[in-house]
Amino acid sequence: TLTDEMGGVAHVTIADVNRMNEAEFCMTFGGLVENTPWVIERAFRMRPFADTLELRSAFQNALLAGTSEEHHQLLNSFADLGTDADAETAYLFDHANAGIDELDADEHDAVRHLAKAYRDHFGFPLIVSAGDVERYERVVSSGRARLSNTPAVERSTALVEIARIANHRFDRLVANAN
């Protein structure tokens, strides 16, 4: 079954996923990768899927196989942490679960300043898989440490973080779809 954004269950099997047209597939799975078209379209072309592992792998393979320009587009599909734009994305939900909503005003300002410094330095937003940390302070400390990376290392790190984010979202969306 697939779980919708509200936590409700829609009874969709892998066979149903394999029968989806591209528009249905994009609507169902676009949120895994901030609705970045090229990732979703490539994953769709990898059908049919034998099971949920193949479906997950399709997104991972599509995401990592992009060109430099495509990766730049994907990276910039994420909002800057702590900004108003962030409130409009699934990325906020990910970070709200990790505690960004519990920060006081000074801590929230520190996140915004870190996000701005990161974007100024690398040209894309700080992307952190908040689902992999226990306390939000670790998100901030990780971001600060990453400022010393080279641009090439940081692009690779950000792509791995996106793959992790997509995995967490996939786990929330797909349950027993085999």
Side-chain angles (χ1 to χ4, degrees), residues 5 22-46 55-101 103 107-133 136-174:
E5 293 297 318
E22 191 168 0
E24 292 168 324
F25 188 86
C26 290
M27 184 175 290
T28 303
F29 296 105
L32 298 180
V33 289
E34 300 296 295
N35 294 300
T36 303
W38 63 267
V39 178
I40 306 161
E41 291 162 4
R42 284 192 187 138
F44 176 78
R45 288 194 303 263
M46 292 181 202
L55 178 60
R56 180 190 305 263
S57 295
F59 281 100
Q60 292 172 345
N61 292 333
L63 184 156
L64 294 173
T67 65
S68 268
E69 294 80 24
E70 289 169 333
H71 284 157
H72 187 74
Q73 178 193 18
L74 175 62
L75 295 170
N76 279 292
S77 70
F78 283 79
D80 289 308
L81 288 176
T83 64
D84 290 339
D86 188 29
E88 302 299 320
T89 69
Y91 200 41
L92 175 66
F93 177 75
D94 297 335
H95 284 268
N97 283 344
I100 195 170
D101 290 348
L103 300 178
E107 292 168 325
H108 201 257
D109 283 345
V111 169
R112 280 196 300 273
H113 285 96
L114 171 62
K116 182 180 181 338
Y118 185 95
R119 179 176 280 284
D120 290 347
H121 187 67
F122 292 111
F124 55 86
L126 172 62
I127 301 167
V128 177
S129 174
D132 292 319
V133 296
Y136 202 76
E137 295 82 22
R138 291 189 184 170
V139 171
V140 175
S141 65
S142 168
R144 284 190 189 114
R146 286 170 54 188
L147 279 169
S148 64
N149 284 343
T150 66
V153 166
E154 197 49 34
R155 276 189 303 276
S156 296
T157 300
L159 290 171
V160 169
E161 290 296 305
I162 291 171
R164 291 172 140 171
I165 291 165
N167 280 335
H168 288 296
R169 291 174 180 177
F170 186 91
D171 289 344
R172 286 194 304 264
L173 179 66
V174 178

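Computation of the quantities below employed the complete heavy-atom set of this structure, encompassing side-chain atoms and omitting hydrogens, waters and symmetry-equivalent molecules. The shown structure was predicted, so the numbers you read here are calculated from the model rather than taken from an experiment.
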Undergrad: Please name all residues satisfying side-chain hydrogen bond (donor to acceptor under 3.5 Å, both in side chains) with R155, sequence neighbours left out, ordered by chain then number.
TA: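 In terms of side-chain hydrogen bond (donor to acceptor under 3.5 Å, both in side chains), with neighbours along the sequence ignored, R155 is linked to no residue.
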Undergrad: Once rounded to the nearest 0.5 Å, what's the spacing between atom CZ of F25 and atom CD of E41?
TA: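 Reported value, rounded in 0.5 Å steps: 11.0 Å.
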Undergrad: Indicate the atoms forming the closest heavy-atom contact of S77 with L74, along with that distance.
TA: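 Here S77 and L74 meet closest at OG-O, 2.6 Å.
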Undergrad: Are V111 and E107 close enough that some pair of their side-chain heavy atoms sits under 4.5 Å apart?
TA: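 Side-chain contact under 4.5 Å: no.
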Undergrad: How long is the straight-line distance from CG of L55 back to CG of L173, given to the nearest 0.5 Å?
TA: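 Between atom CG of L173 and atom CG of L55 there are 8.5 Å.
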Undergrad: Among all residues two or more places apart in sequence or in another chain, which pass the side-chain hydrogen bond (donor to acceptor under 3.5 Å, both in side chains) test with R112?
TA: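 Residues passing side-chain hydrogen bond (donor to acceptor under 3.5 Å, both in side chains) with R112: H108, D109.
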Undergrad: For a side chain to side chain contact (heavy atoms under 4.5 Å, CB included) check, start with the C-alpha distance between R45 and R42, then their side-chain angles and the critical distance, and finish with the verdict.
TA: CA-CA 5 Å; R45 288 194 303 263; R42 284 192 187 138; 3.2 Å; yes
Undergrad: Is W38 close to H71 at the side-chain level, that is, under 4.5 Å between some pair of heavy atoms?
TA: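 When only atoms from C-beta onward are counted, W38 and H71 do touch, with a gap below 4.5 Å.
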Undergrad: Measure centre to centre between the rings of F170 and F59, then say whether the value is under 6.0 Å.
TA: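 So the answer is no for these two rings.
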Undergrad: Before giving the answer on side chain to side chain contact (heavy atoms under 4.5 Å, CB included), spell out for R169 and I165 the whole-Å C-alpha distance, their side-chain angles and the decisive distance to 0.1 Å.
TA: CA-CA 6 Å; R169 291 174 180 177; I165 291 165; 3.4 Å; yes
Undergrad: Taking all non-hydrogen atoms of both residues, which atom of S129 and which atom of E161 are closest, and how far apart?
TA: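 Looking at all heavy atoms of both residues, the closest pair is N-OE1, 2.6 Å.
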Undergrad: Only counting residues at least two apart or in another chain, list the ones meeting side-chain hydrogen bond (donor to acceptor under 3.5 Å, both in side chains) with Q60.
TA: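 Checked Q60 against side-chain hydrogen bond (donor to acceptor under 3.5 Å, both in side chains); matches are N167.
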Undergrad: Grab the two heavy atoms, one from P37 and one from Q73, that are nearest each other, plus how far apart they are.
TA: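 Smallest interatomic distance, heavy atoms only, reads CD-NE2, 4.2 Å.
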Undergrad: Got a sec: does the CE of M27 have more than 12 other heavy atoms crowding it under 6.0 Å?
TA: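 Not more than 12 within 6.0 Å, no.
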Undergrad: Check P125 against A79 and note the closest heavy-atom contact, atom names and distance.
TA: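 Scanning both residues completely, I find the closest heavy atoms to be CB-O, 3.8 Å.
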Undergrad: Working note: L32 + V39, criterion side chain to side chain contact (heavy atoms under 4.5 Å, CB included); need CA distance, chi angles, decisive distance, verdict.
TA: CA-CA 10 Å; L32 298 180; V39 178; over 6 Å; no
Undergrad: Can you list the residues that meet the salt bridge (charged side-chain N to carboxylate O under 4.0 Å, His left out) rule with R146, with sequence neighbours excluded?
TA: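 Applying salt bridge (charged side-chain N to carboxylate O under 4.0 Å, His left out) to R146 gives E154.
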Undergrad: Which is it for F122 and L75 under the side chain to side chain contact (heavy atoms under 4.5 Å, CB included) test, yes or no, and what are the steps along the way?
TA: CA-CA 11 Å; F122 292 111; L75 295 170; over 6 Å; no
Undergrad: Return the set of residues passing side-chain contact (heavy atoms from CB on, under 4.5 Å) with T150 (not counting sequence neighbours), or none when no residue passes.
TA: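 In terms of side-chain contact (heavy atoms from CB on, under 4.5 Å), with neighbours along the sequence ignored, T150 is linked to A152, V153.
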Undergrad: Below 4.5 Å, heavy atoms only, C-beta onward: do L147 and L114 meet side chain to side chain?
TA: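 They are in contact (side-chain heavy atoms under 4.5 Å apart), so the answer is yes.
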Undergrad: Look up atom CZ in R164 and atom CD1 in I127, then write down how far apart they are to the nearest 0.5 Å.
TA: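 If we round to the nearest 0.5 Å, R164:CZ and I127:CD1 are 13.5 Å apart.
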Undergrad: For A163, is there any backbone N or O sitting under 3.5 Å from a side-chain donor or acceptor partner on H168?
TA: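 It does not hold such a pair.
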Undergrad: How far apart are the closest heavy atoms of L63 and L159, and which atoms are they?
TA: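 Scanning both residues completely, I find the closest heavy atoms to be CD2-O, 3.9 Å.
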Undergrad: Nearest 0.5 Å please: distance from the CZ atom of F44 over to the CD atom of E22.
TA: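 Going from the CZ atom of F44 to the CD atom of E22 covers 5.0 Å.
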Undergrad: Quick one: which residue pairs count as a salt bridge (Lys or Arg N to Asp or Glu O under 4.0 Å) with a foot in residues 117-130, not counting sequence neighbours?
TA: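 Output for this query lists D80-R119, K116-D120.
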